[in-house]
Amino acid sequence: MYLCTMKVSIHTEVSTLPALPGGSYFHSRELMELCLCTPHHKPYMTVVIDDDGEAIACLLAIERYRYPWMLPILHRHVRILGEGIYRKDVGDTTISAEGYSKNVLFSMMIDALTHKLSGRSLYIEVSNLSQKMFGYAPLRATGFFPVRWMSVHNSLHSRTPEERISQRQLERVTAAIHRGITTHEVRTDDDFRNFSRLMRRHYWLKVRRYLPDNYFFRGMMETGHCKLLLTTYKGKTVGCSVVVYSEGDAYLWYSASRRKSFATLHPNAVTYWNTIRYVYKDGCQHIRFMDVGLPFRHNPYRDFILSFGGKEVSTLRWFRISFRWANKLASWLWRE
């Protein structure tokens, strides 16, 4: 059997990239180019090529940082969303005649990235894998530890959103809409300023959640890869959301609302409901909620999302802390 010689390279500039396989927007040339132009972002595109110089797989890692006055390792973190993109002839586990499978290629890419970024950032996070056990062995081998996480998605292809939402939640959002609360796409500069103001106010005190610069959202919106939605009541902004489109699905990446100031209007529920209806009209197969959180028995946010008719799935989110002692301690604390 002929085994091709595979080479792994890490690119920090779009100009050096070969032609990449098509697939997920989260590992695309377009997103890498946008991150290069966004403040406090540095992308690393890992590419596996064969003997002919053709790209077999690629994996995009995005390094983000907040406070330039701190030691770099203390305020930098790296996030990888999903397992990357693979050429169509690459199977999940079966090794082809050329000697590669998704697991083999993912192992090569995650190993190269770990060696490249180790010591540069506080931690590396791998999330939103399509299968719970995908990459388990290579991630363990490179020092990552798993944390049980929750994933929720709504199917939009077999039944309408109205057929899936709970009766109580439907009555709640219907009453709020009758009172005058509405949701529309961000189209004007005033809309974008209101969107940005609410989003930054909402995420200001959230330690782990990082909100990109306005350039990032505007760039995705202008290229058609996402929609920014704004919920208003009597001229006041009370909610907003960011939906990213990839491979026929919609991903709710960020959201914010003034749910305490306008509690009787339920702006968070109206924003989520109208977001689901927007992507349903766009023909998406699913809407996926990207950060539901830890699988606590009592998780109000998870229960809130499930009230719209979603399905919950237990997944793993992987972390690797640069400080060895901290990584060992966290691995022990989150042991399975």
Side-chain angles (χ1 to χ4, degrees), residues 1-38 41-64 76-121 124-131 133-144 219-220 223 225 244-249 318 320:
M1 181 176 67
Y2 170 70
L3 296 177
C4 84
T5 304
M6 296 175 289
K7 298 180 181 179
V8 183
S9 56
I10 297 178
H11 302 258
T12 56
E13 297 293 337
V14 175
S15 58
T16 64
L17 286 177
L20 301 177
S24 171
Y25 174 68
F26 297 104
H27 299 275
S28 64
R29 178 189 298 265
E30 292 81 7
L31 182 57
M32 180 181 182
E33 191 168 17
L34 179 60
C35 289
L36 282 169
C37 300
T38 302
H41 280 58
K42 185 172 183 178
Y44 296 86
M45 181 70 84
T46 307
V47 182
V48 182
I49 59 174
D50 58 16
D51 290 337
D52 298 323
E54 183 179 346
I56 309 171
C58 61
L59 183 72
L60 179 62
I62 302 173
E63 181 184 75
R64 304 187 292 192
R76 294 175 184 264
H77 69 277
V78 176
R79 192 168 187 191
I80 302 171
L81 294 168
E83 61 263 33
I85 304 175
Y86 301 83
R87 209 165 59 188
K88 291 182 179 179
D89 62 332
V90 178
D92 290 334
T93 57
T94 304
I95 298 180
S96 65
E98 289 78 14
Y100 48 73
S101 68
K102 283 187 179 180
N103 279 321
V104 170
L105 298 174
F106 180 77
S107 177
M108 295 173 64
M109 293 188 291
I110 204 69
D111 185 63
L113 274 172
T114 301
H115 281 88
K116 175 75 173 181
L117 300 175
S118 181
R120 279 188 53 88
S121 59
I124 304 173
E125 176 182 353
V126 181
S127 63
N128 300 94
L129 298 173
S130 60
Q131 300 175 29
M133 301 306 291
F134 182 88
Y136 189 96
L139 287 165
R140 277 289 197 186
T142 47
F144 285 81
M220 283 198 299
T223 55
H225 290 293
V244 179
Y245 294 91
S246 178
E247 298 182 284
D249 286 348
W318 295 84
R320 186 182 188 276

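The figures here come from the full heavy-atom set of this structure, side chains too, leaving out hydrogens, waters and symmetry mates.
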Between Glu33 (side chain) and Val14 (backbone), is there a donor-acceptor pair under 3.5 Å? no
Name the one of Met108, Glu54, Arg87 that satisfies side chain to side chain contact (heavy atoms under 4.5 Å, CB included) with Val48? Met108
Any Ile110 side-chain heavy atom under 4.5 Å of Ile80 side chain: yes
Pairwise side-chain contact, Ser118 with Arg320, heavy-atom cut-off 4.5 Å (strictly under): yes
Could you list the residues that satisfy side-chain hydrogen bond (donor to acceptor under 3.5 Å, both in side chains) with His41, not counting sequence neighbours? none
With sequence neighbours left out, write down each residue that passes side-chain hydrogen bond (donor to acceptor under 3.5 Å, both in side chains) with Ser107, or none if nothing qualifies. none
Please report the closest heavy-atom contact between Phe106 and Glu83, naming both atoms and the distance. CD1-O, 3.7 Å
Basic-acidic side-chain contact under 4.0 Å: Glu63, Arg120: yes
Evaluate the ring planes of Tyr25 and His225, with Trp represented by its six-membered ring, and classify them as parallel (under 30°), tilted (30 to 60°) or perpendicular (over 60°). parallel
Heavy-atom distance under 4.5 Å between the side chains of Leu31 and Ile62, does that happen here? yes
Decide side-chain contact (heavy atoms from CB on, under 4.5 Å) for Ile56 and Leu105; before the verdict, give the C-alpha distance in whole Å, the side-chain angles of both, and the deciding distance to 0.1 Å. CA-CA 8 Å; Ile56 309 171; Leu105 298 174; 3.5 Å; yes
Measure from the ring center of Trp318 to the ring center of Tyr136 and say whether it is less than 6.0 Å. yes
Please answer whether the main-chain N or O of Asp52 pairs with a side-chain N or O of Asp50 as donor and acceptor at a distance below 3.5 Å. yes
Would you say that Phe134 contacts Asn103 through its side chain, given a criterion of any heavy-atom pair below 4.5 Å between the two side chains? yes
Side chain proximity check, Pro43 to Leu36, heavy atoms < 4.5 angstrom: yes
Could you tell me whether the side chain of His27 and the main chain of Leu60 form a donor-acceptor pair under 3.5 Å? yes
Check Pro18 against Val47 and note the closest heavy-atom contact, atom names and distance. CG-CG1, 3.9 Å
By side-chain hydrogen bond (donor to acceptor under 3.5 Å, both in side chains), Tyr245 pairs with (sequence neighbours left out) Asp282
